[in-house]
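Written out below as structure tokens is the structure these notes cover.
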Amino acid sequence: MLASAHYGADSPDASSHLTQRDEIPQTGHLTITHFERAMEAMSAKLIRTWQSTADQIKNEVRELSNRTASVENDCQDLKTAQTGISENLLTLQQRMEAMEGKLADYEDRARRNNLRLRGVPESVQPDDLQLYVRGLMHAYAPDIPSDMLLVDRVHRVPKPKHLPDSAPRDVVLRAHYYHIKELVLRAHRSRQEPHEDYPSVLIMADLSAATLRRRRDFQQVTTELRDRGIRYRWGFPTKLILTKNGETKLFSRPEDAMNELARWSPRSKQSAPPASSAHGRKSTRTDRMD
């Protein structure tokens, strides 16, 4: 107690509360009055210290509040910017898809006179391919004069990855006349069995990789259409064209076609069953470019 009182009396704040007459004696007994005044001096000092500390804490909290508000504003700005970037990204993706569709359409139109032959034996040498494909075209379209069966160029292309190693490479030819190419393709599709002179050869339209990839996206739809006996054809850029009750509908997305198909009566047949194409495989496709 003497030490505490002495500490309070020695401080500048405490001395201001003690008169010369009331100073704590250095020797002798400590009176109650001296003790009370020393305690008052210490309490005043503690109050001032606590007040200073509280003011400092308030300032720090105020600074933290300002910094937190600034961070929240920055987060809001970032959120707004992110929303704008997402919208721009979606727009760019849509534009890119549209450009890819146009590019695929240009490539397909550049191939409109082409035919792809699968199953041509590798024993047919490159120099003999011209004569071989003209003979094949004449076999499927015998009424066409020989001078109309012109082939601008013909060559083999790398084998698709899904074919076995023993399968021959495909042959791509460009017919000089578009309508001749269409006649040969239709004649091949309309046959119940492959031509006896070319039993292993399958004739297909030569399409770009992008178009084939887009058509594979419609595989579930086209399988359902074939199972129901519903005719369909392809448009360009890749569109599935269905005709029902005299109304023609075009679908650019598989999900739209599936939704439309789900609204039709299950397993209904709106037309006669499709004719079988070459090699006994049913086909309702029309790969026209126009």
Side-chain angles (χ1 to χ4, degrees), residues 87-118 133 137 141 150-163 169-190 202-226 230-244 246-261 274 277-278 281-290:
E87 293 175 352
N88 292 337
L89 179 61
L90 179 60
T91 301
L92 290 175
Q93 287 177 338
Q94 292 172 345
R95 290 181 178 178
M96 184 180 68
E97 290 177 359
M99 293 177 64
E100 288 179 347
K102 289 183 178 181
L103 182 61
D105 185 41
Y106 293 151
E107 184 176 355
D108 288 329
R109 291 184 181 277
R111 299 175 180 225
R112 60 186 289 127
N113 284 33
N114 288 9
L115 286 175
R116 180 179 287 260
L117 310 180
R118 180 161 295 170
V133 298
M137 294 170 66
L150 299 180
V151 177
D152 293 340
R153 53 184 176 269
V154 56
H155 59 87
R156 291 190 183 271
V157 294
K159 187 187 309 180
K161 295 180 180 180
H162 66 276
L163 293 181
R169 292 171 295 167
D170 290 352
V171 173
V172 173
L173 67 92
R174 176 179 174 82
H176 187 75
Y177 298 106
Y178 172 76
H179 71 282
I180 300 298
K181 166 254 182 182
E182 282 292 299
L183 288 174
V184 172
L185 187 60
R186 290 198 192 104
H188 174 76
R189 288 174 175 166
S190 63
L202 177 65
I203 304 177
M204 304 173 291
D206 184 36
L207 302 173
S208 65
T211 297
L212 293 175
R213 184 168 55 252
R214 290 290 304 277
R215 289 190 178 186
R216 280 194 294 269
D217 294 339
F218 285 86
Q219 184 174 4
Q220 182 180 359
V221 182
T222 54
T223 300
E224 182 69 16
L225 290 172
R226 286 193 295 270
I230 300 174
R231 293 183 181 274
Y232 67 90
R233 58 193 179 94
W234 294 105
F236 292 86
T238 306
K239 296 181 181 66
L240 186 66
I241 304 175
L242 302 178
T243 302
K244 180 184 180 184
E247 180 182 2
T248 299
K249 295 185 178 182
L250 287 74
F251 301 96
S252 299
R253 303 193 310 167
E255 50 269 27
D256 294 340
M258 284 300 296
N259 292 337
E260 180 66 21
L261 194 58
S277 63
R281 185 177 62 184
K282 293 183 178 180
S283 175
T284 58
R285 294 174 294 180
T286 302
D287 297 317
R288 291 188 60 84
M289 303 291 289
D290 50 354

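The figures here come from the full heavy-atom set of this structure, side chains too, leaving out hydrogens, waters and symmetry mates. We're numbering straight along the sequence, starting at 1.
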Could you grab the distance from atom CD of Q94 to atom CG of L89, nearest 0.5 Å is fine?
-> 10.0 Å

Where does the angle between the aromatic ring planes of H179 and Y177 fall among parallel (under 30°), tilted (30 to 60°) and perpendicular (over 60°)?
-> tilted

Closest non-hydrogen atom pair between K181 and N113, with its separation | CG-O, 3.8 Å

Candidate pair T222 and W234, rule side chain to side chain contact (heavy atoms under 4.5 Å, CB included), full reasoning | CA-CA 11 Å; T222 54; W234 294 105; 3.9 Å; yes

Enter the distance from T248:OG1 to L242:CG here, rounded to the nearest 0.5 Å.
-> 9.0 Å

Please report the shortest heavy-atom distance between R111 and D206, naming the atom on each side.
-> NH1-OD1, 3.2 Å

So, D105 and K102, do they make that salt bridge, N to O below 4.0 Å?
-> no

Please name the pair of heavy atoms, one in R169 and one in R156, separated by the smallest distance, quoted to 0.1 Å.
-> O-NH1, 2.9 Å

Indicate yes or no: at least one non-hydrogen side-chain atom of F251 is less than 4.5 angstrom from one of K239.
-> no

M99 and M96, any side-chain heavy atoms less than 4.5 Å apart = no

Separation between CG of D256 and NZ of K249, rounded to the nearest 0.5 Å | 11.0 Å

Got a second to check how far I203's CD1 is from R118's CZ, nearest 0.5 Å?
-> 13.0 Å

Could you walk me through whether V157 and R116 pass the side chain to side chain contact (heavy atoms under 4.5 Å, CB included) test, one step at a time?
-> CA-CA 9 Å; V157 294; R116 180 179 287 260; 3.5 Å; yes

Exactly one of E182, R189, H188 clears side chain to side chain contact (heavy atoms under 4.5 Å, CB included) with R186, and that residue is E182

What are the two closest non-hydrogen atoms of A104 and A210, and how far apart are they?
-> CB-CB, 3.9 Å

Qualifying residue for side chain to side chain contact (heavy atoms under 4.5 Å, CB included) with L117, from D170, L202, V133 = V133

Interatomic distance, CZ@R213 vs CD@E100, rounded to 0.5 Å, equals 7.5 Å

Can you establish whether the number of heavy atoms outside E255 located under 6.0 Å from its atom CD is more than 12?
-> yes

Kindly indicate whether the side chain of Y232, heavy atoms from C-beta on, has any atom under 4.5 Å from the side chain of I241.
-> no

For the pair R174 (side chain) and R153 (backbone), establish whether a donor and an acceptor sit closer than 3.5 Å, ignoring hydrogens and angles.
-> no

Do the side chains of V172 and V154 get nearer than 4.5 Å, heavy atoms only?
-> no

Are the side chains of L250 and L240 in touch, meaning some heavy atoms are under 4.5 Å apart?
-> no

How about M137 and I180: do any of their side-chain heavy atoms sit closer than 4.5 Å?
-> yes

Side-chain contact test, heavy atoms from C-beta onward, threshold under 4.5 Å: evaluate it for D217 versus R253 and give yes or no.
-> no

Closest approach of R214 and S252, non-hydrogen atoms and distance?
-> NH2-O, 3.0 Å

Heavy-atom side-chain proximity of L173 to N114 below 4.5 angstrom | no

If you round to the nearest 0.5 Å, how far is CZ of F218 from OG1 of T223?
-> 13.0 Å

Please report the closest heavy-atom contact between A141 and V184, naming both atoms and the distance.
-> CB-CG2, 4.2 Å

